[in-house]
2 protein chains.
Amino acid sequence: MDVDTRLLRYFAAVAQEGTLTRAAAVLYVTQPALTRQVARLEDLLGARLFTRSKAGMSLTPAGEALAARVPALLDAWDGIARETRAAARVLRVGFLASAANEATPGIVAAFTARRPGWRVEMRQSSWADPAAGLSTGDVDVALVRLPFPGQDAWAVDVLLTEPRVLAVSSAGPLAARERVAIGEVLDEPFVAAPGATGAWRDHWLAVEERGGHPVRVGAVTEHPDEWLTAIANGDGIALAPASAARFYARPGVTYVPLDGVGPSRVAVARAGDRDPVVRDFVDCCLAAF
Amino acid sequence: MDVDTRLLRYFAAVAQEGTLTRAAAVLYVTQPALTRQVARLEDLLGARLFTRSKAGMSLTPAGEALAARVPALLDAWDGIARETRAAARVLRVGFLASAANEATPGIVAAFTARRPGWRVEMRQSSWADPAAGLSTGDVDVALVRLPFPGQDAWAVDVLLTEPRVLAVSSAGPLAARERVAIGEVLDEPFVAAPGATGAWRDHWLAVEERGGHPVRVGAVTEHPDEWLTAIANGDGIALAPASAARFYARPGVTYVPLDGVGPSRVAVARAGDRDPVVRDFVDCCLAAF
DNA sequence: CACATCCATGCCGACAGGTTATAGATGACG
DNA sequence: CGTCATCTATAACCTGTCGGCATGGATGTG
């Protein structure tokens, strides 16, 4: 009988949390999706796994039996997948569009020097996935900007801290300014990241610095190119890391120093340090700064 | 990283067989489907698992690593699923429409006497699945008629052997006959089972007894009711087990003894005899005859 | 040079999984 | 005693994936 390991992870989360609602939050899916997947697993196995009540879901004997063995099975699979990738000598590195920077080629060179025979596969992710493919298992390690959704589940080392600046249309009045304070622009429309990215989106809308002041969203973009176009068009302004002035210079877009907001941090994130190859890559990252 | 165990079974089959084409035959899927699923697994893992050549597919080092551990993982999952079902105290029994007979209630009664607290869930399957849900894992044990597709993969005990007779329209000339020889009716249109059922369909079209004589198919049916209607309507004639005269008596349909064909066998099939509960059920079946 | 044997690709229909919105059931609380 | 808050279940919709069939392309073989 075949099953997707995702179903088993869902089941384990529900067994752990005791309610569908909470498990759904942990898994970043909606509660109806969980309801159906759990029911589907019960159908597949031909056994009721939970007794439902207003208070939540509690395990039946069959559920207990399953819950006792599923974590080990999932661990075994994760281990197999890791070993398989290791045997292929490919390290998959995700990076967020705006987290790439001058150091990347040096890091890759240092890594291939330390691990001859290994190939590094770089995968750029859109802003719709600030975890750069880590959470879906698409990559082994990722260069990201903090904070990102689900960050607590990963091992993270900060590589670089840089100020956040303001990106504005060159045609607008702010472009001529020497400096701007965040308090002056709280009513401006902002160009934002997609809605599902939670803390990450908030960070780039300066929600923390607004003290409750509402956000006006002028546009939503996923890629640097759309982002630059939206700003040049005057659809809104946006926070950006200072290095964007070098990487994303474009006629029509001006970067202005900004007061009153904290810095942005670039970090290297991964599942943990059990894998020595990943650890080597992390070391190369740390050595590059 | 999540994966469907079906993908892993596909992979294992290809690794075992060495070519996609042969593995596809073993798995009862088409070769293009396998091509894509293997490619998908490689994508998911981010590693090439096979080197393709005209001669077939041979494992890369990454493929070797995976192949070394996948069978144990699949076994572990199958064991977990079995234990979970056992904890639920539900035995799922599949039965083919025409394999059900007088003995069934007695078998179930004997089983529940031997295993108090257990519930038997009977699932009737259409003729589109002569394995009665075994092959998909929908049931733990099944009452079937031999031969059925993929039969070699299962443990099988014959319960009962009965002659095959001919079902004809009462309005036709054959209905008045005392006996009929198979050689007389090779040119008649037959009412057949769905095309994907292979050996099973052939068995009921008397392909073995035809000596190459081609089959005319007058209708295709999946359920006894359609089958009876098709025969009564004169869409074709059909082979049937002798007991059909009792179970599927209907005005307009006449059963005539038939010479020149072998008997039909009812059997109990299951994955093996490791599961003591399934073994008990099998014992009850054997004791009932 | 036709043929057999592989694997890959394009197209299409069916279905599964996700989302949002909403219903139903049941304690907790003013 | 109504009003919430908190659960799970269901409905409607959209998209991506899987399977099938048909076909193409590459490569040895008689």
Side-chain angles (χ1 to χ4, degrees), chain A residues 1-11 13-44 48-60 63 128-129 135-136 138 149 194-198 220 222, chain B residues 1-11 13-44 48-60 63 128-129 135-138 149 194-198 222:
Chain A
M1 205 215 46
D2 290 312
V3 94
D4 194 311
T5 55
R6 182 169 13 92
L7 277 193
L8 300 180
R9 285 184 218 280
Y10 285 4
F11 164 78
V14 175
Q16 174 93 28
E17 298 294 327
T19 82
L20 286 176
T21 313
R22 254 183 304 158
V26 170
L27 294 167
Y28 295 105
V29 294
T30 56
Q31 167 264 315
L34 259 193
T35 294
R36 281 211 315 201
Q37 294 311 311
V38 170
R40 188 174 145 67
L41 183 60
E42 289 181 325
D43 255 16
L44 277 162
R48 253 185 130 55
L49 300 171
F50 296 98
T51 57
R52 275 81 164 164
S53 75
K54 53 180 184 90
M57 317 269 288
S58 63
L59 290 166
T60 62
D129 178 21
S135 52
T136 52
D138 285 342
T197 56
V220 172
E222 285 199 12
Chain B
M1 204 214 48
D2 290 311
V3 81
D4 194 310
T5 54
R6 182 169 16 91
L7 277 192
L8 300 180
R9 286 184 217 280
Y10 284 5
F11 164 79
V14 176
Q16 173 93 28
E17 298 293 327
T19 81
L20 285 177
T21 312
R22 255 183 304 157
V26 170
L27 295 167
Y28 295 106
V29 295
T30 57
Q31 166 263 315
L34 257 192
T35 294
R36 281 205 317 206
Q37 293 311 312
V38 170
R40 186 174 148 68
L41 182 61
E42 288 180 325
D43 254 17
L44 277 163
R48 254 186 129 54
L49 300 171
F50 295 97
T51 56
R52 276 80 166 164
S53 76
K54 54 182 184 94
M57 318 270 287
S58 61
L59 290 165
T60 62
D129 178 21
S135 52
T136 52
D138 284 342
T197 55
E222 284 199 13

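Reminder, nothing fancy here: chain letters follow the sequence lines and each chain counts from 1. Only this structure's heavy atoms are used, side chains among them; waters, hydrogens and symmetry mates stay out.
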Check: A/Gln37 and A/Arg40 side chains under 4.5 Å, non-hydrogen atoms: yes
Nearest listed nucleotide, side chain of B/Arg6, among C/dC7, D/dT8, D/dG19: D/dG19
Polar contact flag, side-chain donor to acceptor under 3.5 angstrom, B/Thr51-B/Ser58: yes
Sugar-phosphate, base or nothing in reach of A/Arg22, heavy atoms under 4.0 Å: nothing
Any donor-acceptor pair under 3.5 Å from A/Glu42 side chain to A/Leu49 backbone: yes
N/O (side chain, A/Thr35) to phosphate O (OP1/OP2, D/dT10) under 4.0 Å: no
Pair of N/O donor and acceptor under 3.5 Å linking C/dG17 base with A/Arg36 side chain: yes
Atom-pair distance (CG on B/Leu41; C1' on D/dC18), nearest Å: 15 Å
Earlier contact from the 5' end, DNA chain D, for B/Leu7 and A/Gly18: A/Gly18
Length of the line joining B/Leu44:CG and D/dG16:P, which is rounded to integer Å: 16 Å
Sugar-phosphate only, base, or nothing, as touched by B/Thr21 at under 4.0 Å among non-hydrogen atoms: sugar-phosphate
Separation of C/dC15 P from B/Asp4 CG (nearest whole Å): 17 Å
Distance test, side-chain N/O of A/Arg40 to OP1/OP2 of D/dA9, below 4.0 Å: no
Atom pair distance, as rounded to whole Å: CG in B/Asp2 and C1' in C/dG18: 15 Å
Rounded interatomic separation in angstrom, taking CZ from B/Phe50 and C1' from C/dC6: 15 Å
Heavy-atom check, side chain of B/Val29 versus side chain of B/Tyr10, under 4.5 Å: yes
Sugar-phosphate only, base, or nothing, as touched by B/Tyr10 at under 4.0 Å among non-hydrogen atoms: sugar-phosphate
Below 4.0 Å: OP1/OP2 of D/dG19 and any side-chain N or O of B/Thr30: no
A/Arg52 vs D/dC7: side-chain N/O to OP1/OP2 distance below 4.0 Å: no
d(CD, A/Gln31; C1', C/dT22) in whole Å: 11 Å
Min side-chain heavy-atom separation A/Leu59-A/Phe11 under 4.5 Å: yes
Between C/dG18 (P) and A/Leu20 (CG): distance, integer Å: 13 Å
Sugar-phosphate, base or nothing in reach of B/Gln37, heavy atoms under 4.0 Å: sugar-phosphate
Sugar-phosphate only, base, or nothing, as touched by B/Ala33 at under 4.0 Å among non-hydrogen atoms: sugar-phosphate
Check: B/Leu8 main-chain N/O paired with B/Thr5 side-chain donor or acceptor under 3.5 Å: no
Given D/dT8, C/dT20, C/dC7, the nucleotide with the shortest approach to the side chain of B/Met57: C/dC7
B/Leu34 CG - D/dC18 P separation (whole Å): 12 Å
